[in-house]
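A short worksheet on the structure shown next.
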Amino acid sequence: MFFRTEGITKRFGGLAAVEDVSASFEKGSITAIIGPNGAGKSTFFNLISGIHPITSGKVFFKDNDITKMPPQQIARLGIGRTFQTTNLFEQSTVLDNVLIGHRLRTKSGIWDAIFRTAREKEEEKRSYEKAMQALAFVELENVVEHPVSLISQEEKKRLAFALALATDPEMVLLDEPAAGVNPDETDGLAYLMRKMADHGITVCLIEHKMPMIMSLADKIVVLNHGKKIAEGRPDEIRQNEAVIQAYLGGEVHAPVKQY
Ligand SMILES: Nc1ncnc2c1ncn2[C@@H]1O[C@H](COP(=O)(O)OP(=O)(O)OP(=O)(O)O)[C@@H](O)[C@H]1O
C-alpha cells in the first residue's frame with residue numbers, strides 16, 4: 001500500500017484526540033477525512049506529517065516506517081501539505097510566495113547564501129523553475145507578479161496548492177482547501193484536486209463541504225471522537241448508520257455535485 005497508518009493514537013493529557021486509527025490511501029487516489037468538529041481530523045494530519053509525535057501506532061509511506069521522522073524529513077520524502085492562506089505573505093508577489101516557500105524547504109547552507117556559490121545559484125534556478133511549473137499547474141500564470149493582497153480568496157487557495165506542489169510531492173495533505181470560497185469557486189478547486197490525482201499525486205483532504213466531498217473523493221474516512229467510525233466510497237458512507245448518527249442525519253445527505 002502506498003500510504004497507511006496502523007492503529008495510530010495521540011493523547012493530549014487524558015484526552016485521546018486520535019485513537020487507534022488505521023487507514024490506507026492508494027497512489028493517485030483522493031481520500032477525504034471528515035467528521036464533526038473536534039473529531040480529530042487536524043490532529044490526524046499533524047500526526048502523519050510529523051508535527052505531533054505519535055503516542056502509539058505506526059505510519060508507513062511506500063513501506064518506509066516514517067512514524068518517528070521529523071516534519072522536514074517527511075516533507076523531503078514526498079509528503080507535502082498546505083497551510084492556511086493566512087500564512088501567505090500578502091505584500092509579496094504570488095511568485096515570491098512560492099519561491100520563499102520552496103527555498104525554506106530546500107535552502108543551501110548560510111555560506112552558500114552569503115557567497116552565492118554555484119550551488120546556491122543552481123538551487124535558485126531550480127526553485128524558480130519549480131515555482132513556475134507549480135503556478136502553471138494551478139493556472140495562476142497570469143498573476144505571478146501580482147501582490148497576494150490583490151488576488152481573490154480562491155486564487156489564494158490555488159496558491160496554497162502551488163506552495164505544496166513546488167516541492168514535487170507524491171502525496172499532498174490539504175487542510176480545508178475550499179473553506180471560505182463560494183460554490184462556483186469550489187468547483188474549480190475540486191477540478192484541481194482531480195487534476196493532481198490524475199497526475200499520480202495522492203491527495204488527502206480534510207473538508208467540511210459535503211457536496212464536494214461526495215462527488216470528488218474516491219474514499220472517505222470518517223472520524224468521530226478520535227476514532228474511525230467508517231471508511232468507504234461516498235455512496236457507502238452516505239448510507240452508513242454510524243455516520244448518519246454522528247452527523248444526526250444532516251450533512252451526509254447533502255446533494256451530490258457532479259464534476
Ligand atoms: N495541541 C493540543 N493540545 C490539547 N488538545 C488538543 C490539541 N490539539 C487538539 N486537541 C484536542 O483534540 C481533539 C481533536 O481536535 P482536532 O483539532 O484534531 O479536531 P478536528 O476534527 O480537526 O476539529 P475541527 O473540525 O473543529 O477543526 C479536540 O478535543 C481538541 O480540543
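One-based numbering, in listed order, for ligands and for the atoms of each.
Among all heavy-atom pairs drawn from E185 and V181, the shortest one is OE1-CB, 3.4 Å.
Less than 4.0 angstrom separates some heavy atom of L15 from each of these atoms of ligand 1: 11 (C), 12 (O), 13 (C), 29 (O). The ligand atoms of ligand 1 that sit less than 4.0 angstrom from a heavy atom of A39 are 19 (O), 20 (P), 21 (O). Less than 4.0 angstrom separates some heavy atom of H208 from each of these atoms of ligand 1: 25 (O).
The aromatic rings of F3 and F25 lie parallel to each other, their planes meeting at an angle below 30°, with 60° marking the opposite boundary.
Annotation: cation-pi pair K157/F161 absent, no NZ/CZ under 6.0 Å from the ring centroid and within 45° of its normal.
Distance check on atom 31 (O) of ligand 1: every protein heavy atom falls at or beyond the 4.0 Å cut-off.
What sits closest to atom 3 (N) of ligand 1 on the protein, heavy atoms only, is F12 CD2, 3.4 Å. The protein non-hydrogen atom at the shortest distance from atom 15 (O) of ligand 1 is T43 OG1, 3.8 Å.
Atom NZ of K68 has 12 or fewer heavy atoms from other residues, nucleotides or ligands within 6.0 Å.
With I220 as the partner, the side chain to side chain contact (heavy atoms under 4.5 Å, CB included) test is satisfied by one option alone out of T31, N240, I34: I34.
Ligand 1 has G38 within reach: a non-hydrogen atom of the residue lies less than 4.0 Å from it.
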